[in-house]
Amino acid sequence: MAAPGGRGRSLSGLLPAQTSLEYALLDAVTQQEKDSLVYQYLQKVDGWEQDLSVPEFPEDGLLIIGVHSAKFPNEKVLDNIKSAVLRYNITHPMVNDADASLWQELEVSCWPTLVILGPRGNMLFSLIGEGHKDKLFLYTSIALKYYKDRGQIRDNKIGIKLYKDSLPPSPLLFPGKVTVDQVTDRLVIADTGHHRILVVWKNGQIQYSIGGPNPGRKDGIFSESTFNSPQGVAIMNNIIYVADTENHLIRKIDLEAEKVSTVAGIGIQGTDKEGGAKGEQQPISSPWDVVFGTSGSEVQRGDILWIAMAGTHQIWALLLDSGKLPKKNELTKGTCLRFAGSGNEENRNNAYPHKAGFAQPSGLSLASEDPWSCLFVADSESSTVRTVSLKDGAVKHLVGGERDPMNLFAFGDVDGVGINAKLQHPLGVTWDKKRNLLYVADSYNHKIKVVDPKTKNCTTLAGTGDTNNVTSSSFTESTFNEPGGLCIGENGELLYVADTNNHQIKVMDLETKMVSVLPIFRSENAVVDGPFLVEKQKTLPKLPKSAPSIRLSPVTACAGQTLQFKLRLDLPSGSKLTEGVSSCWFLTAEGNEWLLQGQIAAGDIENISSQPTISLQIPDDCLSLEAIVSVSVFLYYCSADSSACMMKAILFSQPLQITDTQQGCIAPVELRYVF
């Protein structure tokens, strides 16, 4: 029997047979009946004389391959796809269908489209859109059984090397959002890729690290609490609210009690587009940003948490106290409900908030004062910035996009007024109350834009559009890589930017027009900074009392010179480093932490026969002329027959004298010891 319609490649060839199957499945009662129907369908499809085939896709057992067909130009760039693979922890192979050739050949019409193939590359099923988990599991499991019954599938493992394993580490990993505590000037950073929230002082010193490094959804004390790809953060009175995006939750961090709790969401992606239940009973979907607001009372008391609900394309509210929303009756504390947006993915503006349409709203900022009295919304998939009135909920256009509410492809990189300005997938907005200006993270254009809401004029403030990481520069020469969030600090003098794909917080000085990088470091550990560094452990391990301590001969160096330490440690004959446990080194300079700022201050020792060289560059600005630099080494090793495993540690202390006199080349310092 030939494939219906003689269509050898497109998905539509599956439609008649698969539609009949799905109607039959609706009438099936037992799981056995459903399994049998799918098995019979496979016999029919597998027996077609001409396969509906997808070329050059290997299959062995169950192999999952993602085919990336981009909407935005920025999404076609290979480096940006690699960043997305890392950000979403994708561990299956990805194909970059940059020219949409496979998309067109198969006549795909919608993101996402899932296609299940047989061992010959023959198409068996297609699932269009989201919400098909049960069908996907049913079709896949029966297809595996069908082809295994015929001996056409082997269970061989396919070796995959993950891209993330080849990358240098970093203190921040895809930070999505950043906000300022206006009382203490502390920053709160959503360290999204590390699944944690950082509270840091304005010099970058970490005060609290909550959650991480792995995803989870546990409440409790800080040391036990976990998040899953958190995004938006808002802080007031030592309370932080977090859009815990992949957990589909709103979390509350109490810095005084040092506890985390859940205030909205049930931990499963919801489909409810109206809400109205108590927060902890109300399912929500991919919250992306949060910002404080005030209910109908005159007092500014921050009793509403506005939520950019990207998953349902809406703006929601969580009542932190009993109060009123515009045009609504009194609501009780804890109520979580939709405020604006129909739930349809559209660029639709409307005087009635429930009839308006958003498309993955991802950034919020509040301008409570007249004449603005609105929420600003970065509406990513429509590439627009919109406003939601705090008086009546009316949704209006500010910049970007176009007039057709169904056209979500009106993007670009054009400075201009209103609809003539073009953005590309903006993710963040922040209101500058001092200047009456709105700053926009124009994420896929790798720029920071500024909008005057009075004239609707939108211009580029910083960023060349190039993604190379320039760490210190003027606004006009600065670079960003998919910045996801931003906030105003220091009484309107500074703009902090979550430079997401550069794994940094950039600091824009609005007075001097210069950009710098905020160093992120711990006070009790070595300072870590920049895009390629990491805290290998949360705290420096304590040296055992038995660990030898070796004081080295003093070294004289001048500013700018690099001092190198070569590890030359010997283990007992036949010993080998323990697999699965990281042997490591740490650089510290107690009382002189400035020496290590911006340096790699920790690392692994992977092979005892090829030990690392540790480099320390003397900073140009020296705060002291004498210091002691310590190198701590921790080795985990086993005897030749693995019958005994142990840890040994050693401390080397290097006195350092810093001089203004230019020095000759400093010979490397060898750190030798035989255990």
Side-chain angles (χ1 to χ4, degrees), residues 64 66 68 81-92 94 111-112 130-133 136 162-164 172-179 188-198 209-220 224-234 240-253 260-272 275 279-280 282-290 305 307-314 316 318 336 345 359-364 378 380-381 425 427-428 443 482 484-485 498 500-501 503:
I64 299 170
H68 177 72
I81 296 170
K82 288 179 177 179
S83 291
V85 165
L86 291 171
R87 195 160 58 242
Y88 298 114
N89 198 28
I90 293 170
T91 57
H92 56 261
M94 293 290 297
W111 293 281
E130 297 176 330
H132 301 303
K133 178 182 175 182
L136 181 63
L162 296 180
Y163 171 56
K164 67 179 182 180
L172 297 176
L173 189 64
F174 300 107
K177 301 287 184 184
V178 60
T179 194
V188 182
I189 302 168
D191 189 8
T192 309
H194 285 142
H195 310 286
R196 66 177 178 171
I197 303 299
L198 295 180
S209 174
I210 309 154
N214 299 313
R217 50 163 294 199
K218 188 173 172 62
D219 287 337
E224 296 176 350
S225 301
T226 51
F227 302 87
N228 192 346
S229 298
Q231 288 283 347
V233 281
I240 301 170
Y241 288 91
V242 181
D244 192 4
T245 306
E246 293 297 319
N247 276 330
H248 311 289
L249 299 173
I250 302 297
R251 312 288 290 282
K252 176 183 176 182
I253 299 173
V260 177
S261 57
T262 297
V263 293
I266 61 172
I268 300 170
Q269 186 166 22
T271 56
D272 185 354
E280 57 270 25
Q282 176 62 55
I284 60 176
S285 179
S286 301
W288 212 273
D289 203 5
V290 288
L305 189 72
I307 306 167
M309 203 70 76
T312 54
H313 315 294
Q314 296 172 313
W316 282 49
L318 173 66
C336 187
E345 189 175 15
Q360 289 184 28
S362 302
L364 292 177
S380 64
E381 282 292 311
H425 204 268
L427 290 174
S443 305
E482 293 191 21
T500 305
N501 284 7
H503 316 295

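Predicted model only: the values in this text are computed from it and were never measured.
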Working for side chain to side chain contact (heavy atoms under 4.5 Å, CB included), residues V290 and L364
CA-CA 7 Å; V290 288; L364 292 177; over 6 Å; no
Taking the side chain as everything from C-beta on, heavy atoms only, tell me whether Y241 gets closer than 4.5 Å to V233.
no
Atom pair OG/CG of S286 and L249 - distance to nearest 0.5 Å
11.0 Å
Residue pair Q231 / D289, side-chain donor-acceptor N/O under 3.5 Å
no
So do I250 and I284 actually touch side chain to side chain, heavy atoms under 4.5 Å?
yes
Measuring only between side-chain heavy atoms, which start at C-beta, is H195 closer than 4.5 Å to P215?
yes
Residue pair H425 / E381, side-chain donor-acceptor N/O under 3.5 Å
yes
If only side-chain N and O atoms count, and only distance matters, is there a donor-acceptor pair under 3.5 Å linking S362 with Q360?
no
NE2 of H194 to OG of S229: how many Å apart, nearest 0.5 Å?
11.5 Å
Are T192 and L173 close enough, and set up right, to give a side chain to side chain contact (heavy atoms under 4.5 Å, CB included), and what steps lead you there?
CA-CA 7 Å; T192 309; L173 189 64; over 6 Å; no
Let me see the working for D272 and Q282 under side chain to side chain contact (heavy atoms under 4.5 Å, CB included), right down to the final yes or no.
CA-CA 8 Å; D272 185 354; Q282 176 62 55; 3.0 Å; yes
Is there side-chain contact between I253 and F227, with at least one heavy-atom pair below 4.5 Å?
yes
Nearest heavy-atom pair of R196 and S209: which atoms, and what distance?
NH1-OG, 3.2 Å
Is the side chain of T500 donor-acceptor paired with the backbone N or O of P175 at a distance under 3.5 Å, no angle test?
yes
State, to 0.1 Å, how close K218 and R251 come at their nearest heavy-atom pair, and which atoms those are.
O-NH2, 2.9 Å
So W288 and K177, do their side chains get closer than 4.5 Å, heavy atoms only?
yes
Nearest heavy-atom contact between P287 and I307 is CB-CG2, 3.8 Å
Can D219 and T262 be counted as having a side-chain donor-acceptor contact under 3.5 angstrom?
yes
Do I197 and D191 have side chains that approach each other closer than 4.5 Å (heavy atoms only, starting at C-beta)?
no
Please examine the side chains of L172 and L198, heavy atoms only from C-beta on, and report whether any two atoms are closer than 4.5 Å.
yes
What distance separates H248 NE2 from M309 CE, expressed to the nearest 0.5 Å?
11.0 Å
If you look at every heavy atom in I210 and S225, which pair is closest and at what distance?
CG2-CB, 4.5 Å
Minimum heavy-atom distance between G428 and A378, given as atom pair plus value:
N-CB, 3.8 Å
Would you indicate whether the side-chain heavy atoms of T271 and S285 approach each other to under 4.5 Å?
no
For the student: nearest non-hydrogen atoms of G267 and R217, plus distance:
CA-NH1, 3.6 Å
I'd like to know if the side chain of N501 reaches the main chain of F174, judged simply by a donor and an acceptor atom lying under 3.5 Å from each other, with no hydrogens or angles considered.
no
